[in-house]
Amino acid sequence: MERRLREIAAKRYHHRHPFNLRMHEGLLSREELRCWILNRFHYQRNIPIKDAIILAGLESRELRRSWIRRIHDHDGRDGDGAGGGCGPGDAGGIERWLRLGEAAGLDRVLLLSGEGVLPAVRFAVDGYLNFCRFGSPLEAVASSLTELFAPDLMVTRIGAWERHYPWVEPEGLRYFQVRVRQGRRDADEALALVHRWAESRADQEKALAAFTFKCDVLWTLLDAVEHASPAPAGAADAR
């Protein structure tokens, strides 16, 4: 099944989306990059909600104790907020994304208000939450397997932003740096669960369909941003 996941990802994972390709080639304007940060934050802030939905469907105490870590990773933990991982005092992924916005010139109040989030982005994120809410635990966990491919994308993104967008303060890249490690760990955990649960051919097909759906969600987010902020000729202010 993992081979088929990789075949689907090769065609449908959003690393191939034209907006991501232009981002990594340094062709986005400041306005486009900020538009992406703002709209992607709407997805990011809903990740712990998605994981809480999945958590509620897990019947094993051991699985719940493991999966709850994902919520802590994004919502953070009590402390001074200075941590860089998922231990005590970690600010969490949502806070790191707010700092990314600030590093790119966006006010965190604007990000938290949700003002400017595109209707298609809201629709796609709501669809993802409902997919996890009304689907089986297998389908919900399988949809998270896009994490298998996120770490490599994060590494590419870090290098691209350092080269092409030096106007973004370096601290803003911390979200991507932390997710390289967290993404690999989360992907390994989710893949092991899917292998354990998807014993029949029918269950394997459900898992693959769930993964495909999640790829479509991520692709739709980028479609919305790209259509809302067409690339200026030559992207003269990209650097």
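These numbers come from a predicted model, not from an experiment.
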Glu102 vs Leu106, side chain to side chain contact (heavy atoms under 4.5 Å, CB included): CA-CA, chis, key distance, verdict | CA-CA 5 Å; Glu102 290 176 325; Leu106 289 169; over 6 Å; no
May I ask whether Leu173 and Val155 are part of the same hydrophobic cluster, defined by side-chain heavy atoms of I, L, V, M, F, W, Y residues being less than 4.5 angstrom apart, directly or through others?
->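 Yes: a chain of side-chain contacts under 4.5 Å links Leu173 to Val155.
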Shared hydrophobic cluster, Leu21 / Tyr165 (ILVMFWY, side-chain heavy atoms < 4.5 Å) =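 In one cluster with Leu21: Tyr165, no.
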Do [X] and [Y] have side chains that approach each other closer than 4.5 Å (heavy atoms only, starting at C-beta)?
{"X": "Ser60", "Y": "Trp67", "result": "no"}
{"X": "Arg45", "Y": "Trp97", "result": "no"}
{"X": "Val217", "Y": "Phe131", "result": "no"}
{"X": "Asp203", "Y": "Val194", "result": "no"}
{"X": "Arg69", "Y": "Asp186", "result": "yes"}
{"X": "Leu218", "Y": "Tyr43", "result": "yes"}
{"X": "Asn46", "Y": "Asp126", "result": "no"}
{"X": "Phe149", "Y": "Leu153", "result": "no"}

Over all heavy atoms of both residues, which pair between [X] and [Y] is shortest? Give the atoms and the distance, please.
{"X": "Leu98", "Y": "Arg108", "value": "CD1-NH1, 3.7 Å"}
{"X": "Leu129", "Y": "Ile49", "value": "CD2-CG2, 4.3 Å"}
{"X": "Thr220", "Y": "Ala124", "value": "CG2-CB, 4.1 Å"}
{"X": "Val121", "Y": "Ala224", "value": "CG2-CB, 3.8 Å"}
{"X": "Pro151", "Y": "Gly183", "value": "CG-C, 3.9 Å"}
{"X": "Ile37", "Y": "Ala104", "value": "CD1-CB, 3.5 Å"}

Heavy-atom donor-acceptor pair, [X] side chain to [Y] backbone, under 3.5 Å:
{"X": "Tyr13", "Y": "Trp219", "answer": "no"}
{"X": "Glu139", "Y": "Ser136", "answer": "yes"}
{"X": "Ser144", "Y": "Ala140", "answer": "no"}
{"X": "Asn39", "Y": "Cys35", "answer": "yes"}
{"X": "Arg4", "Y": "Leu208", "answer": "no"}
{"X": "Arg64", "Y": "Glu59", "answer": "yes"}

What's the separation between atom [atom1] in [X] and atom [atom2] in [Y], rounded to the nearest 0.5 Å?
{"X": "Ile94", "Y": "Asp73", "atom1": "CD1", "atom2": "CG", "answer": "11.0 Å"}
{"X": "Leu55", "Y": "Arg70", "atom1": "CG", "atom2": "CZ", "answer": "11.0 Å"}
{"X": "Leu118", "Y": "Asp223", "atom1": "CG", "atom2": "CG", "answer": "11.5 Å"}
{"X": "His74", "Y": "Arg96", "atom1": "NE2", "atom2": "CZ", "answer": "8.5 Å"}
{"X": "Leu112", "Y": "Phe41", "atom1": "CG", "atom2": "CZ", "answer": "5.0 Å"}
{"X": "Thr146", "Y": "Arg12", "atom1": "OG1", "atom2": "CZ", "answer": "13.5 Å"}

Considering residues, nucleotides and ligands other than Glu62, do more than 12 of their heavy atoms fall under 6.0 Å from its CD?
->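 Atom CD in Glu62 is crowded, with more than 12 foreign heavy atoms closer than 6.0 Å.
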Glu147: which of Arg179, Arg181, Arg184 passes salt bridge (charged side-chain N to carboxylate O under 4.0 Å, His left out) =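 Option passing the salt bridge (charged side-chain N to carboxylate O under 4.0 Å, His left out) with Glu147: Arg179.
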Thinking salt bridges, do Lys11 and Glu7 make one under a 4.0 Å N-O criterion?
-> no
Walk me through it: do Glu95 and Arg99 pass the test salt bridge (charged side-chain N to carboxylate O under 4.0 Å, His left out)?
-> CA-CA 6 Å; Glu95 174 62 26; Arg99 293 175 186 176; 2.9 Å; yes
Quick one: do Ser143 and Tyr128 satisfy side chain to side chain contact (heavy atoms under 4.5 Å, CB included)? Show the steps, please.
-> CA-CA 9 Å; Ser143 71; Tyr128 182 38; 3.4 Å; yes
May I ask you to check whether Trp161 and Phe176 place their ring centres under 6.0 Å from each other?
->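 Aromatic pair counts; centres sit under 6.0 Å.
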Are Phe19 and His17 near enough that their ring centres are under 6.0 Å apart?
->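 Ring centres of His17 and Phe19 not closer than 6.0 Å.
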Identify whether NZ of Lys or CZ of Arg in Arg40 sits under 6.0 Å from the centre of the six-membered ring of Trp36 and within 45° of that ring's axis.
->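 Pair Arg40/Trp36 does not count as cation-pi.
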Side-chain H-bond candidate by donor/acceptor type, Arg185 with Gln182, under 3.5 Å =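 Distance-only check fails for Arg185 and Gln182.
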Where do Lys50 and Ile54 land on the side chain to side chain contact (heavy atoms under 4.5 Å, CB included) test, with the steps shown first?
-> CA-CA 6 Å; Lys50 175 267 298 183; Ile54 294 176; 3.6 Å; yes
Ser113/Leu110 under side chain to side chain contact (heavy atoms under 4.5 Å, CB included): CA gap, chis, key distance, verdict | CA-CA 5 Å; Ser113 73; Leu110 173 65; 4.1 Å; yes
